[in-house]
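What follows is a set of notes on a single structure, which appears directly below.
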Number of protein chains: 2
Amino acid sequence: MPRRYDPDRRQRIIDAAIRVVGQKGLAGLSHRTVAAEADVPLGSTTYHFTTLDDLMVAALRQANEGFAQLVAARGALTDPHTDLAAELAALMGEWLAGDRTGVELEYELYLAALRRPPLRPVAAEWAKDLADLLAPRTDPTTARALVALMDGICLQVLLTDVPYDEGYAREALGRLIPPASP
Amino acid sequence: MPRRYDPDRRQRIIDAAIRVVGQKGLAGLSHRTVAAEADVPLGSTTYHFTTLDDLMVAALRQANEGFAQLVAARGALTDPHTDLAAELAALMGEWLAGDRTGVELEYELYLAALRRPPLRPVAAEWAKDLADLLAPRTDPTTARALVALMDGICLQVLLTDVPYDEGYAREALGRLIPPASP
DNA sequence: ATCCCATGTGTACGAGCGTACATATCGGAG
DNA sequence: CTCCGATATGTACGCTCGTACACATGGGAT
């Protein structure tokens, strides 16, 4: 029995959990599947994350950070001279492009919060962080509505097979933003 | 072994499934839990619904009909002389009031479609039906956006502990509706 | 240098699951 | 009246799951 002293094991388990959820869905997440994916014994996953909820919280938190990085990379979002609606629509386009593993994972964990109280604060935090980021460009209420509409549009794209229409998103988001008072 | 000839058994199983999901969540749904709730033997649930997906489709379809009735009861939605945004906001208020078992069930099944392809058409149908109903009051694109925003607002209310704010919903929905051209 | 405890490992148990299937029943078609 | 196929029932198999626990190990505090 080799392999001892594995300092980043906890992190590797979280990464494995994210891969598992991305590939097999939240229903396919178990201590065992994660252990297999992370190539660690079963006891190791139960040691670091007593409850599956614990593991989900860690995974959702990490997924949130990934999204936050995507947002941060798009610095134009906070630049008051850009078209906010267009920037948000483009952000969604970028997020929804390519394989949607990341988006699906984010939403699946996000929505799991509906039934799993421990996830609720993390899910709420995601919405709040994005709204807080947007608030300076408009106002807190509008920011909340923008986040809600983005959620709804993403959901429609994920649940129906309608492809993402950036022009439509930009138009709809734009209507939510009250005209500037120069 | 009494109890033979039970004509509405299929329907009773669907009702039981809805109660199970409402009480224990989608994760608590199994052939056995439904059988227990409907007070029928295990073999009966597997006979009428070979796959759990089959059962979920039936349950989601029924939940959709329940929502459709709620909408139909609010005839003012199709009356062009009413304030559409206000009507929609009031509809959401009514739906989210009281115990949220119905809403949670609807969304949980709705969102399960993310990973269960058989559910997708039923979920898409829900969004489409509502959008089709709203389209005559504005235009198809605006109707889609209204549905998306409603989805997003409901989700925010369900996932965070922020109470439903009808005034906010009305204001946001109103902004999506382009001014009438008299 | 010593020792302790956080960390890592292997195994076992009982419960619940989907599924399959042999058998029983009986409404309604003929 | 007869009979057939849709419906109903009970049981069993093999699997995965969460959980618990006894034991091994070695990094770092002392």
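Sequence lines set the chain letters: A, B, ... in the order given, protein chains first and strands last, and positions in each chain run from 1.
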Extract all donor-acceptor atom pairs below 3.5 Å that involve side chains of residues 150-158 of chain A and protein atoms in other chains or at least two apart in sequence.
from     : atom 1 : to       : atom 2 : distance (Å)
A/Asp151 : OD1    : A/Tyr107 : OH     : 2.8
A/Asp151 : OD2    : A/Tyr110 : OH     : 3.0
A/Gln156 : NE2    : B/Arg144 : O      : 3.3

Inset, instruction - Decide, yes or no, whether a salt bridge links A/Arg170 with A/Glu166 under the criterion of side-chain N to carboxylate O below 4.0 Å. - result: no

Could you list all N or O pairs between the protein and nucleotides 5-7 of chain C that sit under 3.5 Å apart?
from  : atom 1 : to      : atom 2 : distance (Å)
C/dT7 : OP2    : A/Tyr47 : OH     : 3.0
C/dT7 : O5'    : A/Tyr47 : OH     : 3.3

Inset, instruction - Quickly work out the B/Asp8 CG to C/dG27 P distance and round it to whole Å. - result: 15 Å

Inset, instruction - Could you tell me whether A/Asp39 and A/Arg12 have a side-chain N and a carboxylate O separated by less than 4.0 Å? - result: no

Legend entry - Between P of D/dT19 and CZ of A/Phe49, the distance in whole Å: 15 Å

Inset, instruction - Any chance you could lay out the salt bridge (charged side-chain N to carboxylate O under 4.0 Å, His left out) test for B/Asp15 and B/Arg19, step after step, and finish with the verdict? - result: CA-CA 6 Å; B/Asp15 294 341; B/Arg19 285 197 300 276; 5.6 Å; no

Legend entry - Note, A/Val21 side chain near A/Met56 side chain (heavy atom, < 4.5 Å): no

List, with names and distances, any nitrogen or oxygen atoms from the protein found under 3.5 Å away from nitrogen or oxygen atoms belonging to nucleotides 13-20 of chain C.
from   : atom 1 : to      : atom 2 : distance (Å)
C/dC17 : OP1    : B/Ser30 : OG     : 3.0
C/dG18 : OP2    : B/His31 : N      : 3.2
C/dG18 : N7     : B/Arg32 : NH2    : 2.4
C/dG18 : O6     : B/Arg32 : NH2    : 2.6

Legend entry - Residue pair A/Glu87 / A/Asp83, side-chain heavy-atom distance below 4.5 Å: no

Legend entry - Pairwise side-chain contact, B/Val57 with B/Phe49, heavy-atom cut-off 4.5 Å (strictly under): no

Inset, instruction - Would you indicate whether the side-chain heavy atoms of B/Thr78 and B/Pro136 approach each other to under 4.5 Å? - result: no

